[in-house]
Amino acid sequence: MAAPPERRCWEREQARLKAGVVEQDTEEWQKDPNFTGLERVGGVDLSYIKGDDTSACASLVVLSYPALQVLYEDCRMVAVTAPYVAGFLAFREVPFLVEAVQRLQQEEPKLRPQVLLVDGNGLLHHRGFGVACHLGVLTDLPCIGVAKNLLQVDGLARDELHREQIRSLQRSGDTFPLTGTSGRVLGMGACWVLDLSFLNAQVLRSYNNSSKPLYISVGHRVSLDTAVRLVRSCCRYRVPEPIRQADIRSREYIRKQLCAPLEVRPARPESSKKEAELEDESDA
DNA sequence: GCGACAG
DNA sequence: ATCTTGTCGC
């Protein structure tokens with residue numbers, strides 16, 4: 001069965017944009033062990049409404065660095081058109097993220113982030129060009145892909161080897177390379193914040209069941225090593241703060257969108273209902 | 001053929 | 001992505 005023509009078109013577009021991807025540190029602060037000179041880190045995310053796959057809230061936040069305080073927030077309802085297809089996430093979400101970045105640069109140019117953390121993958125992708133690369137090339141900003149689940153590509157899978165790598169890093173607090181069958185390191189698995197809440201109850205099982213790793217990969221204009229160091233320095237909880245704030249705020253925005261119409265809805269016409277009931281009774 | 005599949 | 005409460009512990 002041939003791939004849908006729409007997907008063919010998407011692949012051509014990715015191939016075209018891929019020429020612009022940069023996998024190396026291009027900024028001075030990236031080369032500094034303490035990221036001296038880095039002052040603003042951005043995070044982006046889309047949240048969806050449960051039964052509605054076309055309405056979403058796109059959010060962009062900018063946090064100060066290293067304090068990680070929110071300097072800027074932009075949440076906006078958008079009409080999503082492209083369906084979600086694993087491997088083609090960028091075509092669904094990137095247009096709205098680019099708009100948000102352009103809006104920021106127009107309205108608050110001084111708050112332009114120096115790097116963006118993106119929910120999803122960069123080079124860790126079927127065609128080596130995930131949403132983080134896509135957004136990076138279109139905005140010309142350094143981008144880092146941070147995924148919460150492993151995209152199974154180039155032989156990578158949630159197999160016994162992968163589970164063993166997770167177990168080993170949870171003891172050392174370190175990272176492990178995501179090496180594809182091709183031999184290429186596509187990204188790094190990492191887990192810096194362990195969930196020890198149930199340590200007392202099941203000490204033994206905790207090592208096998210505690211929090212899942214993050215999957216970090218290069219998006220644009222950043223090296224993998226720098227990407228991993230930066231994400232680590234942004235983690236208060238499992239998910240790095242810029243993405244976490246974008247996620248929290250977009251979900252909250254949607255929650256308020258859903259509640260607002262209920263509050264202004266006029267009271268039910270109780271009178272007519274009672275009259276109808278009375279008529280029924282009188283007829284009976 | 002069946003299963004897998006970032007958000 | 002989203003559906004979902006309480007609960008146990010520091």
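Residue numbers begin at 1 in each chain, while the letters A, B, ... track the order of the sequences. Only a predicted model underlies this, so the values are computations on that prediction, with no experimental measurement involved. Hydrogens, waters and symmetry mates are skipped; everything else that's a heavy atom, side chains included, is used.
- The interatomic distance linking A/Asp154 (CG) with B/dA6 (C1') rounds to 16 Å, in whole Å.
- Rounded to a whole Å, the CZ atom of A/Arg251 is 11 Å from the C1' atom of C/dC3.
- One interatomic measurement links the two molecules: CZ of A/Phe91 to P of C/dA1, which rounds to 21 Å at whole-angstrom precision.
- In this structure, A/Arg127 places its CZ atom 13 Å from P of B/dA6, rounding to the nearest Å.
- Distances shorter than 4.0 Å separate none of the side-chain N or O atoms of A/Tyr48 from OP1 or OP2 on B/dG7.
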Side chain to side chain donor-acceptor pair (under 3.5 Å) for A/Ser47 and A/Tyr253? Distances and angles first, verdict last. CA-CA 9 Å; A/Ser47 289; A/Tyr253 191 89; over 6 Å; no
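- Within the nucleic acid shown, A/Val131 comes within 4.0 Å of at least one base atom, counting heavy atoms only.
- Residue A/Asn121 is classed as a base contact, given a heavy-atom separation below 4.0 Å to a base.
- Here A/Asp53 lies out of heavy-atom contact (under 4.0 Å) with every strand.
- Note that CD of A/Glu11 and NZ of A/Lys18 are 11.5 Å apart. Values are rounded to the nearest 0.5 Å.
- In this structure, the nucleotide among C/dT2, B/dC5, B/dG7 sitting nearest to the side chain of A/Leu151 is B/dC5.
- Ring planes of A/Tyr215 and A/His162: parallel class, angle under 30° (limits at 30 and 60°).
- For A/Ser47, whose side chain is taken as the heavy atoms from C-beta onward, the closest listed nucleotide among B/dA6, B/dG7, C/dT2 is C/dT2.
- With respect to A/Asp247 and A/Arg251, a salt bridge is recorded, a charged nitrogen being found less than 4.0 Å from a carboxylate O.
- Within the nucleic acid shown, A/Gly87 comes within 4.0 Å of at least one base atom, counting heavy atoms only.
- OP1 or OP2 of C/dA1 has at least one side-chain nitrogen or oxygen of A/Lys148 nearer than 4.0 Å.
- Salt bridge annotation for A/Asp119-A/Lys148: present, with a cationic side-chain nitrogen under 4.0 angstrom from a carboxylate oxygen.
- Across the protein-nucleic acid pair, A/Leu150 atom CG and B/dA6 atom C1' stand 9 Å apart, rounded to whole Å.
- Between A/Leu178 atom CG and B/dA6 atom C1' there is a gap of 13 Å when expressed in whole angstrom units.
- The distance between atom CD1 of A/Ile144 and atom P of B/dA6, rounded to the nearest whole Å, is 21 Å.
- Between B/dC5 and A/Arg158, a contact under 4.0 Å exists linking OP1 or OP2 to a side-chain N or O.
- Under 4.0 angstrom from either OP1 or OP2 of B/dC5 there lies no side-chain N or O belonging to A/Asn149.
- Distance, A/Gln152 CD to B/dC5 P: 4 Å, rounded to whole Å.
- Looking at heavy-atom distances under 4.0 Å, A/Phe88 makes contact with a base.
- Side-chain nitrogen and oxygen atoms of A/Arg92 include none within less than 4.0 Å of the OP1 or OP2 phosphate oxygen of B/dA6.
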